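So the structure is just underneath, and the comments pick up after that.
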Amino acid sequence: MSSHTNDPRQPSAAKPYVAPPVSPQDLPIDYAGFIAVVFGIAGVMFKYKLCSWLALVFSAQSIANMRNIENDLKQVMMAVMFSIMGLVTNYFGAPRPSKQS
């Protein structure tokens, strides 16, 4: 073990890290929110249960990673509404028409 006299670090010169401010326009795109909207619309339009469930999962991920509440909240709430609407129409609505052969 080395002695403390040979330590080149200077604790008095250490400064805490301060993150630089980032404007809302410079934040990265919320891909999970976009995918949730796409899957939610596909679940409602084509009555695919898997798409509605995936939309709900991606919506939860987008809520968990939300950085800018003002801009992201509208997109996330739209995705949640589409996923819930798709699940309701899939499980409680009329059944999907099957192929007639």
Side-chain angles (χ1 to χ4, degrees):
M1 202 175 248
S2 66
S3 66
H4 293 289
T5 57
N6 294 334
D7 192 3
R9 296 176 290 181
Q10 298 174 349
S12 61
K15 297 177 186 171
Y17 175 74
V18 178
V22 179
S23 68
Q25 290 81 17
D26 294 337
L27 288 173
I29 299 170
D30 182 23
Y31 289 109
F34 177 71
I35 292 171
V37 171
V38 170
F39 277 136
I41 292 172
V44 171
M45 298 289 289
F46 304 122
K47 292 196 173 196
Y48 290 145
K49 293 178 185 177
L50 181 64
C51 288
S52 297
W53 282 110
L54 286 174
L56 196 63
V57 168
F58 279 112
S59 298
Q61 179 184 355
S62 184
I63 289 171
N65 294 327
M66 193 180 307
R67 292 189 182 139
N68 188 3
I69 191 133
E70 295 148 355
N71 294 340
D72 293 343
L73 190 62
K74 292 177 186 176
Q75 181 179 0
V76 170
M77 285 299 115
M78 184 174 67
V80 168
M81 288 302 136
F82 270 120
S83 63
I84 291 173
M85 191 168 37
L87 289 172
V88 167
T89 57
N90 282 327
Y91 284 103
F92 297 119
R96 229 169 94 189
S98 61
K99 291 185 178 181
Q100 299 289 334
S101 39

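These figures come from a predicted structure and were not determined experimentally.
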Check Phe82 against Val44 and note the closest heavy-atom contact, atom names and distance.
-> O-CG2, 3.4 Å
Under 4.5 Å between side-chain heavy atoms, chaining through other members, with only Ile, Leu, Val, Met, Phe, Trp and Tyr counted: pull out the rest of the cluster around Val18, sorted by chain and number.
-> none
Report the distance from atom CE of Met81 to atom CE of Met77, rounding to the nearest 0.5 Å.
-> 6.5 Å
When hydrophobic residues are tied together by side-chain contacts of less than 4.5 Å, even through go-betweens, does Val80 share a cluster with Met66?
-> yes
Tightest non-hydrogen contact, residues Val76 and Ser59, listed as CG1-O, 4.2 Å
Who else is in Tyr31's hydrophobic cluster (ILVMFWY, side-chain heavy atoms under 4.5 Å, direct or via others)?
-> Ile29
Taking side chain to side chain contact (heavy atoms under 4.5 Å, CB included) as the test, write out the residues that go with Val57, two or more places apart.
-> none
To the nearest 0.5 Å, how far apart are NZ in Lys49 and OG1 in Thr89?
-> 10.5 Å
State the CG-SG distance between Leu56 and Cys51, to the nearest 0.5 angstrom.
-> 13.0 Å
Quick one: which residue pairs count as a salt bridge (Lys or Arg N to Asp or Glu O under 4.0 Å) with a foot in residues 28-46, not counting sequence neighbours?
-> none
Taking everything shown except Phe92 itself, do over 12 heavy atoms lie less than 6.0 Å from its CZ?
-> no
Can you list every pair that meets side chain to side chain donor-acceptor pair (under 3.5 Å) and has a residue in residues 32-41, with sequence neighbours left out?
-> none
Check the hydrophobic clustering (I, L, V, M, F, W, Y; side-chain heavy atoms under 4.5 Å; chains of links allowed) and say if Met85 and Tyr48 are grouped together.
-> yes
What is the minimum heavy-atom distance between Gly40 and Ala55, and which atoms define it?
-> N-CB, 3.4 Å
Please name the pair of heavy atoms, one in Ser52 and one in Leu87, separated by the smallest distance, quoted to 0.1 Å.
-> CB-CD2, 3.6 Å
Approximate separation, where rounding is to 0.5 Å, of Asn90 CG and Trp53 CH2 | 10.5 Å
Looking at residues at least two apart in the chain, or sitting in another chain, which of them share a side chain to side chain contact (heavy atoms under 4.5 Å, CB included) with Val38?
-> Phe34
Which word best sums up how the rings of Phe58 and Phe39 line up, parallel for under 30°, tilted for 30 to 60°, or perpendicular for over 60°?
-> parallel
